[in-house]
Amino acid sequence: MNHEFDVIVIGGGHAGTEAAWAAASVLGPDGRVALVTMDPARIGTMSCNPAIGGLGKGQIVREIDALGGMMGLVADATGILFKVLNASRGAAVRGPRCQNDKYAYAAEVQRLLAGRPRISVIAGTVDRLLRDASGSMRGVLVPAGGGVVRPESNTEQASDAGMARPLYPTTPQAADRFEEPTELRSRAVVLTTGTFMRALMHTGDQQVPGGRAGEGTAFGISGMLAELGFELGRLKTGTPPRLRRGSIRWEELEPQHGDETPRPFSDLTDRTRFPKLPQVECRVTATTAEAHELIRANLERAPMYSGAIDAESGPRYCPSIEDKVVRFADRHAHHVFLEPESLHTDEIYCNGISTSLPEDVQSFLVHSMPGCGDAEILRWGYAVEYDMVRPHQLDATGMTRLVHGLFLAGQINGTSGYEEAGGQGLVAGLNAARLVRALPLVTLGRDQAYIGVMMDDLVTRTPREPYRMFTSRAEHRLLLRADNADERLTPWAREHGLVDDHRWAAWTARHAELERLRALFEHKTTGVPTLADLARRQETSVPELSRLAEERGAVETETPLVERVATELQYAGYIVRQRAEVRRQERNESTRIPIDLQPAVIQGLRNEARDALSRYRPATLGQAARVEGITPADLTLIALAIRRHTRAADTV
């Protein structure tokens, strides 16, 4: 068996699968990618909320799709409720979202991976990261008992009905087993351990090792990273209880519907067969004042809140019910969204009450909610604490600064969410493949993509809580809309090997149609307002513009494209100003900070700024401006030091 690979990806979650997919795309038909995971049957698992997208997050999914990734395609194939959030507000803050059949989602991810023979799935853990004499990556060590999953062992593929059948059987016969510890060799390794590094789950005073219910933990990787000199942190997150739908008085609760005309995430999804799965409804219930009182009386029994968990902070923007009750003491109720997890099971996800409370308190909490008096609890909520790597030790390519060839992506970097993980995985996989092909590593700018905003945020700040994307994090959000991700990123992705011929042909045709529409909107006819004039009037609806466009252009066109052109016209003034601001910032963004420029020699620089430069090692003057601890005055001194350093280097 050949154990030589171009890229090795560790972890089969959303970061790992996007990393493997991107690396395989860039490497081409002769490339070899290894995807190492503890349980191949759990590849692509939606471990928490069975949903993709949302505010800020939906834009990332659209960007992953525009960059040739998997997530949008999988979400479209397995979505059971599609809805655009903030649909009544401006285009910059709208967020596409969908509920998914979580079993069909994992099966679809596995089906897509199985269709790429250059990706080898390896069942097992990683005992050690291996380096060569120069300190660069040379591979990983997998203990005896693991093995390469044979493609021919895959069971039947996921059907359009979303049947949940694992594609990689976990029986010993499913793999070419390693009889002894085996070295997998590669100069590029992408580590995507999720919440599994030294993970511990809590429900009340019960503690179980593991990063996800029913699964184990990865103890050795934290020690390896610490030995290599990485600074580690510890974070925590929580999950809510799951209920049996048949035990809920479902029809008594307020329904939450999807959009009447759902829109797919992926530009490759066949709109004539979308959505593929039957659409469902969610229901809304709420916590009660009585439950809040009981929670307050039992806070010392909730490790997520009491301090019993050895972690810095939990997710501020997805807080536990314990946190909500304390932080919003004047609130007597909090909404709880009851979300079906599958078309083929009775499981209901309780969105809004993640918790680490003991079972007796969780029971009272659930049964006090309207409609849930007789609800059967299928799984108790729990908290998980886990190790992470402080992301200032990376650069925006995803590669670590300490070990050449080692890339990190996903929750190991202190982020939360499937979408954030997928975006990081794509960037890491792209650059891992470029590294082994001896190509320059690349980054996305803050003006190019939400993924660029996220990568820049991670390397210029130290997360004290799990990082979550919001539209408010992007200063150029009017340029980074969900509807224009393809125009922003598909040509860039094609240039860097991420986009295949099929996607490129679809983009080329769509771009040509957009250009025809733009010309049609500006076309002047005597005595008749142009479509551009009509689009600038807020009272003109998109369906009306679509009808007029078809009448004047004598061609059929897609409503989303008409809406995109109308949005460009309505916000033209703001867009011009944002692009001008981007141009003003480009000088700083293109000014590289020499690697050998030592902060200690910069005259007049404050000690706090010196420490920040040493810790974060910003690559450009623009990035330095965003580093915590550096003021505008510091930036002036750094710019002067760069000029002096450059002049001195030129005279040598």
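Heavy atoms only: backbone and side chains are in, while hydrogens, waters and symmetry mates are out. Count residues from 1 along the sequence.
- Within the 4.5 Å cutoff, the side chain of Asn413 has no heavy atoms near those of the Tyr467 side chain.
- Residue pairs that meet the salt bridge (Lys or Arg N to Asp or Glu O under 4.0 Å) test with at least one member in residues 69-95, sequence neighbours left out, are Arg94-Glu563.
- Proximity of the aromatic rings of His292 and Phe328 is defined here by a centroid distance below 6.0 angstrom, and this criterion is not met.
- In terms of modelled atom types and a separation under 3.5 Å, the side chain of Gln279 and the main chain of Gly79 share a donor-acceptor contact.
- Counting non-hydrogen atoms of other residues, nucleotides and ligands closer than 6.0 Å to CD of Glu539 gives a total above 12.
- The backbone N or O of His334 lies less than 3.5 Å from a partner atom in the side chain of Thr287, making a donor-acceptor pair.
- Residues Glu231 and Arg615 are paired through a salt bridge, judged by an N-O separation under 4.0 Å between the basic side chain and the carboxylate.
- Residue Thr415 is tested with Arg468, Gln424, Glu420 for a side chain to side chain donor-acceptor pair (under 3.5 Å); the sole match is Gln424.
- In this structure, the side chain of Gln59 engages the main chain of Gly56 through a donor-acceptor pair within 3.5 Å.
- When atom types are taken as modelled, the side chain of Arg606 and the backbone of Gly629 share a donor-acceptor pair closer than 3.5 angstrom.
- To the nearest 0.5 Å, the span separating OG on Ser222 from CE on Met388 amounts to 11.5 Å.
- Residues passing the side-chain hydrogen bond (donor to acceptor under 3.5 Å, both in side chains) test with Thr400: none are found, sequence neighbours excluded.
- In plain terms, the two heavy atoms of Glu281 and Leu81 that are nearest each other are CA-CD1, 4.1 Å.
- For Glu359, the side-chain contact (heavy atoms from CB on, under 4.5 Å) criterion is met by Thr203, Gln206, Trp380, not counting sequence neighbours.
- Around NE2 of His335, the count of heavy atoms belonging to other residues, nucleotides or ligands within 6.0 Å does not exceed 12.
- With respect to Tyr616, the side chain to side chain donor-acceptor pair (under 3.5 Å) criterion is satisfied by exactly one of Gln393, Glu628, His392, Arg626: Glu628.
- For Gln256, there are no side-chain hydrogen bond (donor to acceptor under 3.5 Å, both in side chains) partners at least two apart in sequence or on another chain.
- To the nearest 0.5 angstrom, Gln362 atom CD is 9.5 Å from Cys350 atom SG.
- In this structure, His332 places its NE2 atom where only 12 or fewer heavy-atom neighbours from other residues, nucleotides or ligands lie under 6.0 Å away.
- Residues satisfying the side-chain contact (heavy atoms from CB on, under 4.5 Å) test with Ala15, not counting sequence neighbours, are Thr192, Ala409, Ala421.
- Seen from the ring of Phe470, Arg473 does not count as a face-on cation partner, given the 6.0 Å and 45° thresholds.
- Residues forming a side-chain contact (heavy atoms from CB on, under 4.5 Å) with Ala51 (at least two apart in sequence, or on another chain): Asn49, Arg97, Gln99.
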